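The figures that follow rest on heavy atoms only: side chains count, while hydrogens, waters and symmetry mates do not. Treat the numbers as computed from the prediction; the structure is a model and nothing was measured. Counting from 1, the numbers follow the sequence of the chain as shown.
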Amino acid sequence: MDDDLEIKGPGYDPIADEFATYEDYLDSQINSTDVYYLEDVELARQLVELGIRGNGEVIRREEFEQRKEASEQARQARLNKKPKKLASQGKHVEEFPLLQALKDREEAVRNGKLTTIIFIRDKNSKGQEVSGYIDYGHRLKTESMEPYFDRKKRLMPRPSDLSFYNWETQMSTSNPTPNFQVIADNEAGLLFKNKRDRKVINVDPRAKPGDNSTRTELETAEYLQVVVYDHVTRRRS
């Protein structure tokens, strides 16, 4: 199996690449006995999606679509032989701790050796205190990061990030990404599960961050608080 994954190349996703549609994925969890007793394929699919039928943990439609998109981006990247220029290349950001931390990690995050979550707490353009957890790898894939390194834009958490909270309006959101699953309402607090190696990152400052993970709080005057969580994914030899 590992040899086959190597042949497929970095970025290969066995679910996103094997199944053309979400319905195909659900169908793979349905057996002939299910169809015989239920007599309705659509009902069988709904039961699989709800986790009542099927084998193991079933991913949601939204996550499937995100993984399809990420898989296609990875495929296009493999087809493009020319090395992609780093967004931070040639940028002098030594005096800006967060930008320097992002620059130091960009190449490793892009090539999949590292996954990084950025916690930022600060005031938005309306003067409201907001905080959130950002999947750095997802941001690198979904938007140009060069304006941030040029300091034309300021990195801030959004409602579409892994987790977001507006302390004034009390608006709270959480979203899975191709790299992480959000585990909320847990006794341990907010947790993020890495989708590649299934390891959990604990962002509680009083607890250890988890296997192969580190927590680094940055000293910076740019934000009220910045914490960087790095997770090294173990690759089988």
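- When side chains are defined from C-beta on, L102 does not count as touching D104, because their heavy atoms never get closer than 4.5 Å.
- Each of L86 and V228 belongs to its own hydrophobic cluster when Ile, Leu, Val, Met, Phe, Trp and Tyr are linked at side-chain heavy-atom distances under 4.5 angstrom.
- When all heavy atoms are compared, the tightest approach of V109 to G137 is CG1-CA, 3.5 Å.
- The line from CG of N124 to CG of N166 is 6.0 Å long, rounded to the nearest 0.5 Å.
- Residue pairs that meet the salt bridge (Lys or Arg N to Asp or Glu O under 4.0 Å) test with at least one member in residues 133-148, sequence neighbours left out, are K91-E146, R139-E143, R139-D161, E143-K153, E143-R158.
- In this structure, the side chains of T216 and Y229 stay at 4.5 Å or more apart for every pair of heavy atoms.
- Closest heavy-atom contact between W167 and S131: NE1-OG, 3.1 Å.
- One distance of note links CZ of R151 with CD of E95; it measures 9.0 Å at 0.5 Å rounding.
- Take D204 and apply the side chain to side chain contact (heavy atoms under 4.5 Å, CB included) test, not counting sequence neighbours, and it matches N202, R206, A207.
- Under the side chain to side chain donor-acceptor pair (under 3.5 Å) criterion, S174 pairs with no residue at all, not counting sequence neighbours.
- Partners of E129 by salt bridge (charged side-chain N to carboxylate O under 4.0 Å, His left out), not counting sequence neighbours, listed by chain and number: R121.
- Counting only residues at least two apart or in different chains, ring-ring contact (aromatic ring centres under 6.0 Å, His included) contacts with residues 109-133 comprise F119-Y133, Y133-F192.
- Of the candidates Y136, F149, Y148, Y148 is the only one forming a side-chain contact (heavy atoms from CB on, under 4.5 Å) with L155.
- The shortest distance between side-chain heavy atoms of S213 and K199 does not fall below 4.5 Å.
- Summarising the geometry of V226 relative to I120, their closest heavy-atom pair is CG2-CG1, 4.4 Å, with the distance given to 0.1 Å.
- At a threshold of 4.5 Å between side-chain heavy atoms, the hydrophobic network of Ile, Leu, Val, Met, Phe, Trp and Tyr places Y165 and I118 in two separate groups.
- Every salt bridge (charged side-chain N to carboxylate O under 4.0 Å, His left out) that E72 has, sequence neighbours left out, goes to R75.
- In the hydrophobic clustering, L224 connects to no other residue, as no ILVMFWY side-chain heavy atoms lie under 4.5 Å from its own.
- No side-chain heavy atom of I183 sits less than 4.5 Å from a side-chain heavy atom of L190.
- Scanning for side chain to side chain contact (heavy atoms under 4.5 Å, CB included) contacts around Q66 gives E62, P176, P178, with sequence neighbours left out.
- Partners of N175 under the side chain to side chain contact (heavy atoms under 4.5 Å, CB included) rule, at least two apart in sequence or in another chain, are T173.
- The number of heavy-atom neighbours closer than 6.0 Å to CD of Q128, taken from other residues, nucleotides and ligands shown, is above 12.
- Looking only at side-chain heavy atoms (C-beta outward), L140 and R110 come within less than 4.5 Å of each other.
- Distance NE2/H231 to CG/D211: 8.0 Å, rounded to 0.5 Å.
- The CD atom of Q181 sits 10.5 Å away from atom CZ of R60, with the distance rounded to the nearest 0.5 Å.
- Contact of the N194 side chain with the T233 side chain is registered, since non-hydrogen atoms from C-beta on lie closer than 4.5 Å.
- Side-chain contact check for F96 versus E222: some heavy-atom pair is nearer than 4.5 Å.
- Without hydrogens or angle criteria, N111 side chain to K113 main chain gives a donor-acceptor distance under 3.5 Å.
- S88 approaches E106 most closely through the heavy-atom pair OG-OE1, 2.5 Å.
- Shown here are the salt bridge (charged side-chain N to carboxylate O under 4.0 Å, His left out) partners of R105, two or more places apart in sequence or in another chain: D230.
- Using a 4.5 Å heavy-atom threshold, the side chains of H138 and F180 count as separate.
- The OG1 atom of T115 sits 5.0 Å away from atom CD1 of I201, with the distance rounded to the nearest 0.5 Å.
- Taking CD1 of I134 as the reference point, atom OG1 of T177 lies at 12.0 Å (rounded to 0.5 Å).
- Under the side chain to side chain donor-acceptor pair (under 3.5 Å) criterion, R154 pairs with D122, sequence neighbours left out.
- Residues satisfying the salt bridge (charged side-chain N to carboxylate O under 4.0 Å, His left out) test with E63, not counting sequence neighbours, are R67, K195.
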